[in-house]
Amino acid sequence: MKLAALTDGTEEAQVTGFAIDHRKVAPGTVFGAFEGARVNGEDFIEDAIRSGAIAVVARPGLTVEGATYIADENPRERFAQLAAKFFAPFPETSVAITGTNGKTSCVEMTRQLWRMAGFHAASIGTLGVTTADERVTTGLTTPDVVTFLSNVAGLAREGVTHLAFEASSHGLTQYRTEGLKVAAAAFTNLSRDHLDYHGDMAAYFTAKIRLFSEVLSTDGAAVVWADDPQSARVIDLVRERGNRLVTVGTQGETLRLVGRDPTLLGQGLTIEAKGQTYKVTLPLIGAYQAANALVSAGLVIATGGDVAATIANLARLQPVRGRLERAVIAKSGAPVYVDYAHTPDALEAAIAALKPHAGGKLIVVFGAGGDRDTGKRETMGQVAVQHADRVIVTDDNPRTEDARAIRCDVLKGARGAEEIGDRRAAIGAAVREAGPEDIVLIAGKGHEQGQIVGDLVLPFDDVTVARECAA
Ligand SMILES: CC(=O)N[C@H]1[C@@H](OP(=O)(O)OP(=O)(O)OC[C@H]2O[C@@H](n3ccc(=O)[nH]c3=O)[C@H](O)[C@@H]2O)O[C@H](CO)[C@@H](O)[C@@H]1O[C@H](C)C(=O)N[C@@H](C)C(=O)N[C@H](CCC(=O)O)C(=O)O
Ligand SMILES: Nc1ncnc2c1ncn2[C@@H]1O[C@H](COP(=O)(O)OP(=O)(O)OP(=O)(O)O)[C@@H](O)[C@H]1O
Ligand SMILES: N[C@H](CCC[C@H](N)C(=O)O)C(=O)O
Ligand SMILES: [Mg+2]
């Protein structure tokens, strides 16, 4: 592609690629120079041009010599639009999911439901880029814009027609998933997380809501979990903008959840839609998984799926890796679950999911991540001691922080909890202590494969460790 095709100018130079990191620039690259949280990408413009950049997308008022200067007040957005022109075509139908918790679960369930309907579907998010045949991890929930768009284009080349992706608040703020048409966008819920990056809840909400106010196609549909305290604000905005609205939940209009009957291995759901009543057995436990299943069904229906068939397909959903995953049954008979709860709300939801299944004690093992929102730690401690019967506070990715200090923050809210820093030892203690009527919940790491200590990623998998401790 000629540069002129992107600038509407006359430049003959051939564009070979896009980069937002000057170290990835090669001859023919369009370089995006952005101010970041850590460094200023504008400082690398000269270096990028020396490496062969033929155009630079950046704020107005900078000095750019030796390359075409594409100046824009919102350079990240402009860069995404240009990159999308370069990488297109994309899958016919793409949907995005935002919210504090449930994004990964929903992209995974949506992908599965589409596949059951016969489509070639994929998902992108915390678990990586997933198709029916393989899963490749990218390291971030929402990869950087170049990785994202090139992956999405790659999926289209493989024949993927339907894509569900996670729109994290970081991703939305940094325009990592812009440029392609979003046919439907979903909101799961909003609660405390990531305030280290966004500052306060208002800014965090604004970051998320941009998915509906700017990213969602004007002729697209918004799917909203209607039972969250913040849902009304999202619904108001959707109505104001005039997008089609699909609401789901006990207060939902499109898919109304009128009954939820937990069984040993799942739950019976009664759903009203378009005047009809449907009954289906979801093979997953916990109110939160029912919520995610409904949001996913909402997305599939919003993009043309048949209501009755989609609801019926919920009975065939496979579990999502690391979300209430039963790792092992201890010798005592106690089941040991692994869950990715790493916010106060998620921890409460995970405990609530398991509590009805415990005849005896619910024992929870968890910690909080380093270099992340410190304010959520004490609340996570409070939630744990309030809702579980026994609490062991341990380490979860201390990163560059002092692990003991993080535990101390959590313990401020968790009176009476035990502290066992070493995660393996903590899991071992919980598994040994659990009696036949008890349940163990290991929260915070879910699918993660490592414990991040300083710059090191030490191999660690909660499921494997739980099995080893139970052997
Ligand atoms: C806080 C954060 O989101 N940082 C991400 C982000 O940073 P930023 O734009 O603020 O970048 P910066 O490091 O200040 O650099 C500014 C610019 O200079 C460029 N640069 C930088 C250095 C250099 O030598 N040359 C150069 O060109 C950078 O590429 C960047 O464009 O842009 C980088 C490039 O895309 C990301 O790798 C980086 O993710 C870091 C590693 C990270 O840990 N992110 C986490 C917090 C994150 O994004 N998490 C979310 C949410 C998780 C969830 O709840 O699911 C996610 O979506 O994964
Ligand atoms: N709908 C929900 N309501 C409340 N809690 C939920 C919901 N869905 C998931 N959770 C909790 O959040 C955890 C993470 O779920 P999931 O990975 O689907 O969310 P996410 O939004 O992708 O998280 P991340 O921000 O890390 O990408 C689950 O393990 C569970 O404890
Ligand atoms: N996407 C989330 C994951 C947190 C998982 C938890 N194990 C931690 O390290 O805090 C984040 O980066 O904040
Ligand atoms: Mg996720």
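In this text, all values refer to a predicted model and were calculated from it rather than measured experimentally. Numbering of ligands and ligand atoms starts at 1, following listing order.
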> Quick one: which of Asp395, Asp461, Asp396, Asp462 gives a salt bridge (Lys or Arg N to Asp or Glu O under 4.0 Å) with Lys445?
Replying inline: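 Of the listed residues Asp395, Asp461, Asp396, Asp462, the salt bridge (Lys or Arg N to Asp or Glu O under 4.0 Å) partner of Lys445 is Asp396.
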>> Does Glu46 have more than 12 heavy atoms from other residues, nucleotides or ligands lying within 6.0 Å of its CD?
In response: no
Nearest non-hydrogen protein atom, [atom]:
atom                    : answer
atom 3 (C) of ligand 3  : Tyr340 OH, 3.1 Å
atom 2 (C) of ligand 3  : His342 NE2, 3.9 Å
atom 17 (O) of ligand 2 : Arg323 NH2, 2.6 Å
atom 20 (N) of ligand 1 : Phe44 CE1, 3.8 Å
atom 9 (O) of ligand 3  : Asn397 ND2, 2.8 Å
atom 6 (C) of ligand 3  : Gly444 O, 3.5 Å
atom 21 (O) of ligand 2 : Lys103 NZ, 2.8 Å
atom 10 (O) of ligand 3 : Gly369 CA, 3.3 Å
atom 14 (C) of ligand 2 : Tyr340 CD2, 3.8 Å
atom 5 (C) of ligand 3  : Glu448 OE2, 3.3 Å
atom 12 (O) of ligand 3 : Arg372 NE, 3.0 Å

> At a non-hydrogen distance cut-off of under 4.0 Å, which region of His342 contacts ligand 1 (side chain, backbone, both, or neither)?
Replying inline: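 Within the 4.0 Å criterion, His342 makes no contact with ligand 1.
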>> Using a 4.0 Å heavy-atom cut-off, which part of Ala37 comes near ligand 1: side chain, backbone, both, or neither?
In response: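 Contact part for Ala37 vs ligand 1: both backbone and side chain.
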Counting only heavy atoms closer than 4.0 Å, does ligand 2 sit against the backbone of [X], its side chain, both, or neither?
X      : result
Thr188 : neither
Thr100 : backbone
Ala341 : both
Val320 : neither

>> Against ligand 1, does Arg399 come closer than 4.0 Å with any heavy atom?
In response: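 No.
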Decide whether an N or O pair under 3.5 Å exists between [X] and ligand 1.
X      : value
Phe31  : no
Arg76  : yes
Arg176 : yes
Lys103 : no
Gln174 : yes
Val39  : yes

> Which atoms of ligand 1 have any heavy atom of Phe34 under 4.0 Å away?
Replying inline: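 Selected atoms, number and element: 16 (C), 17 (C).
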> Going by the atom numbers of ligand 1, which of them fall below 4.0 Å from some non-hydrogen atom of Asp144?
Replying inline: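 So the atoms of ligand 1 that pass are 35 (O).
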>> Working note: Phe31 + His22, criterion side-chain contact (heavy atoms from CB on, under 4.5 Å); need CA distance, chi angles, decisive distance, verdict.
In response: CA-CA 7 Å; Phe31 176 59; His22 83 281; 4.0 Å; yes
> Of all heavy-atom pairs between Leu237 and Ser213, which one has the smallest distance, and what is that distance?
Replying inline: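 In this case the closest contact between Leu237 and Ser213 is CD2-N, 3.8 Å.
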>> With nothing but distance in play, are any N or O atoms of Asp345 less than 3.5 Å from an N or O of ligand 2?
In response: no
> Taking N or O atoms only and a 3.5 Å limit, does Gly102 qualify as a polar contact for ligand 2?
Replying inline: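 Yes, there is a polar N/O contact under 3.5 Å.
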Salt-bridge test for [X] and [Y]: reply yes if a basic N is under 4.0 Å from a carboxylate O, no otherwise.
X      : Y      : value
Glu401 : Arg377 : yes
Asp72  : Arg78  : yes
Arg424 : Asp422 : no
Glu418 : Arg390 : yes
Glu178 : Arg76  : no

> Within 45° of the six-membered ring axis of Tyr175 and under 6.0 Å from that ring's centre, is NZ or CZ of Arg210 located there?
Replying inline: yes
Answer yes if a protein heavy atom lies under 4.0 Å from [atom], otherwise answer no.
atom                    : value
atom 40 (C) of ligand 1 : no
atom 56 (C) of ligand 1 : yes
atom 23 (C) of ligand 1 : yes

> Which is closest to atom 11 (C) of ligand 2 in terms of heavy atoms, Ala353, Ala349, Ala346?
Replying inline: Ala346
>> For atom 46 (C) of ligand 1, which of the options His170, Arg38, Glu166, Lys24 provides the nearest non-hydrogen atom?
In response: His170
> Atoms of ligand 2 less than 4.0 Å from Glu166 heavy atoms?
Replying inline: 22 (O), 27 (O)
> Parallel, tilted or perpendicular for Phe79 and Phe18, by the 30°/60° rule?
Replying inline: perpendicular
